[in-house]
Amino acid sequence: MAPSLPDLVLDQARSLTHVAQNRLGRALRDRVAGEDAPAAARRIWQSQGPRWFTESDPIWIVNQDAAMFPGGITSLLLQSLHPGAMAGVAGHSGYKGDPWGRLQRTSHYLATVTFGTIEHAEEAIAHVRGIHERVRGKDHRGRPYRADDPHLLRWVHVAENWSFLAAHQAFSDRPLTPAEADTFVDQTRVSGELLGATDLPRTVAELEARIAAYRPELEASPAAREAAAFLLKEPPLPFSAKGGYALLAAGGVSLLPDWARSELGIPMPRLVRPLAQGAGRFGVAAVRWGMAGLDDDERLRHGDVS
């Protein structure tokens, strides 16, 4: 029996939806992981050898979730408030000239130390340590900094992982329990300590305490405000992608502590915050949908139809 017109229309709609889903997934993957993402993913996921973590570990759950997208924006904004960290980024990272390359290197590093073999994770950490040894200078007030300073590394570590955890708890379909959240904080110490940071927190309470302890050192330097404007007002994206990015950015900004938004001059009245968090949830759902379609295609390509 020939298919009916409604069936044909439905099949066409499903086909167009899948094409749109796949295009979104590929665009996201290429931006975040680079055009060589499939080869890099095979090395991370298919290499044989012991790993620090398994798929049931909280760090694995957090770092593979789409909530990492707004969490990354939160992290960059929060980290920028330490003048030494921001001076290092502004002076040595080339984030304006090659923002996507920097993002891809960061995402590859996080994926390797979280999901890769111990051998590959230690190689990635050693590579970053080598870069840090060469990064030094002075901040906007003339104070010296060096990227391998354990105190500075601790700030970058706690700001990053506080942001990722906050984003996961706000936007994930599967928030961590309090005990799992503590385990997440503890598990992040593995790579953080090997990178050179010291006195890292083991629990959420300790993580919050470390953030608070840095408050006297934090301020929005001119470079930090410039970076915030670049992230929020001038993202290097085609017009078609700016709407989706705005949703994720709104979610990321909504997670910042009030004092951090105030320092950076990012207004968000209390009544607006639920709307921004709603935008973040919608953006994360769109990312999750796009990446799921890409995952389906990858499984079919490798003959896995389970």
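Note that these values count all heavy atoms, side chains included, but never hydrogens, waters or copies made by symmetry.
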Nearest-0.5 Å distance, CG of residue L81 to CG of residue L256: 8.0 Å

Between CG on residue L165 and CG on residue L207, distance to nearest 0.5 Å: 7.0 Å

Donor-acceptor contact below 3.5 Å, side chain N63 vs main chain W60: no

Nearest atoms (heavy-atom pairs only) where A249 meets L232: CB-CD2, 4.0 Å

Sub-4.5 Å side-chain heavy-atom contact between E119 and R51: no

Same cluster (ILVMFWY, side-chain, under 4.5 Å), W45 and M68: yes

Evaluation steps, side chain to side chain contact (heavy atoms under 4.5 Å, CB included), between V190 and F53: CA-CA 10 Å; V190 175; F53 311 110; 4.0 Å; yes

Min side-chain heavy-atom separation V284-P70 under 4.5 Å: yes

Spacing of CD1 belonging to I59 relative to OG1 belonging to T183, to within rounding of 0.5 Å: 11.0 Å

Minimum side-chain heavy-atom gap R136-P144 below 4.5 Å: no

Set of residues satisfying side-chain contact (heavy atoms from CB on, under 4.5 Å) with respect to R189, sequence neighbours excluded: D186, E193, L200, R202

Residues, nucleotides or ligands: over 12 heavy atoms within 6.0 Å of K138 NZ: no

Sequence neighbours excluded - side-chain hydrogen bond (donor to acceptor under 3.5 Å, both in side chains) pairs with any residue from residues 246-261: D258-R261, D258-R273

Pairwise side-chain contact, R281 with Q277, heavy-atom cut-off 4.5 Å (strictly under): yes

Side chain to side chain contact (heavy atoms under 4.5 Å, CB included) between R174 and L176, intermediate numbers included: CA-CA 6 Å; R174 197 271 200 214; L176 302 182; 3.8 Å; yes

Polar side-chain atom of S107 near backbone of Q104 as donor-acceptor pair, under 3.5 Å: yes

Hydrophobic cluster membership, L152 vs I125, 4.5 Å side-chain cutoff: no

Verdict with supporting geometry, F69 and L247, side chain to side chain contact (heavy atoms under 4.5 Å, CB included): CA-CA 10 Å; F69 281 73; L247 295 173; over 6 Å; no

Interatomic spacing from CD in E263 to OG in S80 - rounded to 0.5 Å: 10.0 Å

Heavy-atom pair of closest approach, residues L271 and P274: O-CD, 3.4 Å

Rounded distance [0.5 Å steps], NZ in K233 versus CD1 in I266: 9.0 Å

Charged N-O contact under 4.0 Å between E122 and R129: no

For T198, side chain to side chain donor-acceptor pair (under 3.5 Å) partners two or more places apart: R154

Residues D199, R210: salt bridge by 4.0 Å N-O rule: yes

Flag side-chain contact, heavy atom, 4.5 Å: L195 against H157: no

Atom CZ of F282 with >12 non-hydrogen neighbours under 6.0 angstrom: no

Main-chain N/O of T177 paired to E180 side chain as donor or acceptor, under 3.5 Å: yes

Taking every non-hydrogen atom, the tightest pair across Y245 and P235: CE2-CB, 3.7 Å

Working for side-chain hydrogen bond (donor to acceptor under 3.5 Å, both in side chains), residues W52 and Q187: CA-CA 9 Å; W52 282 324; Q187 289 177 332; over 6 Å; no

Side chain to side chain donor-acceptor pair (under 3.5 Å) against T74, all qualifying residues, sequence neighbours excluded: none

Between H151 and E217, a side-chain donor and acceptor under 3.5 Å: yes

Same apolar cluster (I L V M F W Y, side chains within < 4.5 Å links), L76/L153: no

Minimum-distance pair of heavy atoms, taken over all atoms of A276 and A250: CB-O, 3.6 Å

Side chain to side chain donor-acceptor pair (under 3.5 Å) against H132, all qualifying residues, sequence neighbours excluded: none

Nearest heavy-atom neighbours spanning F164 and S75: CE2-CB, 4.4 Å

Derivation and outcome, side chain to side chain contact (heavy atoms under 4.5 Å, CB included), residues T112 and E123: CA-CA 9 Å; T112 301; E123 286 175 359; over 6 Å; no

Contact summary for V185 and P201, nearest pair of heavy atoms: CG1-O, 3.5 Å

Common cluster, V156/Y145, ILVMFWY with side-chain heavy-atom separation under 4.5 Å: no

From CZ (R225) to CE (M86), nearest 0.5 Å: 13.0 Å

Electrostatic pair R141:D139 at N-O distance under 4.0 angstrom: no

Joint hydrophobic cluster, V113 plus I44, side-chain heavy atoms closer than 4.5 Å: yes

Ring-ring centroid check Y214 W155, cutoff 6.0 Å: yes

Side chain to side chain donor-acceptor pair (under 3.5 Å) involving E160 - partner list, sequence neighbours excluded: none

Side-chain donor/acceptor of H92 to backbone N/O of A147, under 3.5 Å: no

